[in-house]
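Read through the structure below, which is laid out as C-alpha cells, and then see the notes.
Everything numeric in this text was worked out from a predicted model, so none of it was measured. Chain A is the first sequence line, chain B the second, and so forth, proteins listed ahead of strands; every chain is numbered from 1.
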Amino acid sequence: MTTKLVRQQTVITNAFHRNLIDWFRQHRRLLPWRNKRTPYRVWIAEIMLQQTRVDQAQPYFDRFMKRFPSLRSLAAAPREDVLKCWEGLGYYSRARNLHEAARHIARDHKGRFPRTREELLALPGIGPYTAAAIGSLAFQLPLAVVDGNVIRVLSRVFAIEEPASSSKTTRQVQEWADRLLLQEDPGTFNEAMMELGALCCTPRGPDCPNCPLRAICQAHKKGQAEAYPRKAPRKKIPHKLVAAGVIINSRNQILLAQRRDTDMLGGLWEFPGGKMEPGEDAVACLERELKEELGIRVRVGDELLVVAHAFSHFTMDLHAHWVKIISGRPRAIECADYVWTPPAQLRMYPMPRADVKIAEHVMARFADGTAT
DNA sequence: AATCCGGGGTG
DNA sequence: CACCCAGGATT
C-alpha cells in the first residue's frame, strides 16, 4: 500500500519534472544574472529581485556589476556610493543590508561566500527565499525557493484555499516545493518554477493551454486557475500631506539633510521637512519642522511644486517651498548630517524619488534664471 | 501571525 | 486614479 503510493507519487513527480524542465529549456529568458552564476552575482540579482520586477532590475544589475564587480569592491566602497547606485530602485534597506553583509563576509569569512543555509540566513537582508535561491543556484544545495511565483503556481496546482498572504499558505507551499524539488538540479528546478510563474502561470490571464503542468493542475481542472491564489481582503492605504523646504542661502547654495540610518529611507539625502499636523499648512509645518530638525528659524516663501507620490503603504502629496533662514545656523539635530550644495550638484546625492523630482525642478529654475 | 516597510507598473 | 504583486524584519 505504502509502496504503491510512493510509486504513484514518483510517477507524478517524474512527469512534473520532465514537463517543467522541458518547458523551461524552451522558454527561459536570457537574463544577465543567468550567465556566470557566481555566488556574488546570484546574491546581487536576488536582492534586487525582491519586490522588484525583472525589467526594472535589469539595468540596475548591469550598472551595479560595472560599479561593484566583486564582493571585495562592494565591501570596500563607501555606503554613499552603494546607495547612489541603488537610487530609484526603492526599498533602500536592501542596499544598506547588502553593503553591511558584504563587509561582514569580507571580514568574518575572509571574502569566501557563506555556503550553508544557516550562514546565509545570518546575513542581513537574507531570509528564507534568498537563502534558498543563493544556496540552490550558486551551491547546488537542495533548497526549494518560495517566492510569489511559486506560491501562485502551487496554489493553483493544489488548489490551495487559504489566501496567499497567510503564513499557513507559505508553510504549505514550502512543504510541497521541498517535496517536489528536483534533487539532481535544485537550481534549475527553482528557476523553472519561478519562470513558469513569470511567463505562463501569470497572475492574470494564465496561459493554461501551453502550461507544462496543466495535466496535474487542480485549479485548471476546475476551470478556475485565475481564482487562485485566493486573495485576502485588502485594507486601504492612508494619504499623507508632507512639506519640504528648498532652503537657499546668500551664495545660492541649497541645503540637503541626510536621513538617519535607522529611519525609513535611511542614509538618503532629502529636502528637509516633514508631515503636516492636523490643521497645519505647508508654511506652518516647515516653520515647525525646520526648527525641530535643524534648529533654524525660517521664512517660508512660494511653493515650487507639489509632488504626488505613491509608496508601498501610503500615498502622499509633497509640497515643496522656497525657504530662507531668518536666524540660527543649521545643526543636525533630527538628521544624520546636512550639506550646502550648489544646485548643479544636487544630483550627486542619493535621494528618494520624490526629492529627485524637486531637485530637477530646482535645477531647471536655476538654469533658466527664474529661481528666487 | 500580523504588521510594517515610504514601490512601481498597468488599465 | 484604482488596482495589483511582493521578501525580510520586527513585534
Side-chain angles (χ1 to χ4, degrees), chain A residues 43 45-60 83 86-98 100-101 120-134 143-153 155 162-174 177 190 194 197-199 201-206 226-242 244 259-271 273-275 307-318 350-358:
Chain A
W43 177 43
E46 290 303 334
I47 299 296
M48 283 189 177
L49 290 167
Q50 290 170 6
Q51 317 292 96
T52 307
R53 284 177 172 66
V54 164
D55 291 350
Q56 197 203 349
Q58 202 163 328
Y60 279 89
L83 283 173
W86 206 268
E87 186 188 76
L89 199 51
Y91 290 104
Y92 299 92
S93 61
R94 294 184 296 176
R96 292 200 309 274
N97 287 334
L98 206 56
E100 200 185 317
L120 289 167
L121 283 174
L123 294 170
I126 296 188
Y129 164 76
T130 311
I134 298 173
L143 302 169
V145 298
V146 172
D147 74 339
N149 291 306
V150 177
I151 288 177
R152 185 168 57 254
V153 170
S155 287
E162 285 77 26
S165 55
S166 87
S167 45
K168 186 177 174 191
T169 301
T170 308
R171 202 173 51 243
Q172 219 173 326
V173 168
Q174 183 74 62
N190 283 333
M194 294 191 282
L199 298 182
C201 193
T202 49
R204 275 168 302 177
E226 204 166 332
Y228 294 85
R230 302 298 196 197
K231 288 183 271 210
R234 129 175 69 260
K235 50 185 182 179
K236 56 177 188 176
I237 62 175
H239 182 76
K240 296 181 181 179
L241 295 177
V242 181
R259 300 182 62 89
R260 289 185 287 209
D261 277 12
T262 50
D263 289 353
M264 309 170 233
L265 298 174
L268 297 188
W269 295 83
E270 66 180 3
F271 298 95
K275 288 195 287 284
V307 180
H309 194 70
F311 289 113
S312 46
H313 295 83
F314 66 92
T315 58
M316 72 168 183
D317 287 338
L318 176 59
M351 292 180 189
R353 291 177 77 93
D355 290 86
V356 170
K357 289 185 192 166
I358 299 176

**Prompt:** In dot-bracket form, how is DNA chain C paired, counting a Watson-Crick or G-U wobble pair only if both its distances are under 3.5 Å and using | for bases paired to another strand?
**Reply:** |||||.|||||
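For the side chain to side chain donor-acceptor pair (under 3.5 Å) test, no residue two or more places apart in sequence or in another chain qualifies with A:Q172. For A:R230, the salt bridge (Lys or Arg N to Asp or Glu O under 4.0 Å) criterion is met by A:E161, not counting sequence neighbours. Residues passing the salt bridge (Lys or Arg N to Asp or Glu O under 4.0 Å) test with A:R96, sequence neighbours excluded: none. Contacts of A:D317 classified as salt bridge (Lys or Arg N to Asp or Glu O under 4.0 Å), with partners at least two apart in sequence or in another chain: none. Residues satisfying the side chain to side chain donor-acceptor pair (under 3.5 Å) test with A:E270, not counting sequence neighbours, are A:R259. A search for ring-ring contact (aromatic ring centres under 6.0 Å, His included) contacts involving A:Y91 returns nothing, not counting sequence neighbours. Remark: A:W269 pairs with A:E80 by the side chain to side chain donor-acceptor pair (under 3.5 Å) rule, at least two apart or across chains.
When only modelled atom types and interatomic distance are considered, A:N97 and A:R94 share no side-chain donor-acceptor pair under 3.5 Å.
When each of C:dG8, B:dC5, B:dA1 is scored by its nearest atom to the side-chain atoms of A:Q50, the top-ranked nucleotide is C:dG8. When each of B:dG7, C:dC4, C:dA6 is scored by its nearest atom to the side-chain atoms of A:L265, the top-ranked nucleotide is B:dG7. The side chain of A:Y91 approaches C:dA6 more closely than any other nucleotide in the set C:dC5, C:dA6, B:dG8.
Contact check, A:T130 against C:dG8: a side-chain N or O comes under 4.0 Å of OP1 or OP2.
Taking atom P in both B:dC5 and C:dC5, one finds a spacing of 22 Å when rounded to whole Å.
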Which pairs, protein N/O on one side and nucleotides 9-11 of chain B N/O on the other, fall under 3.5 Å?
none

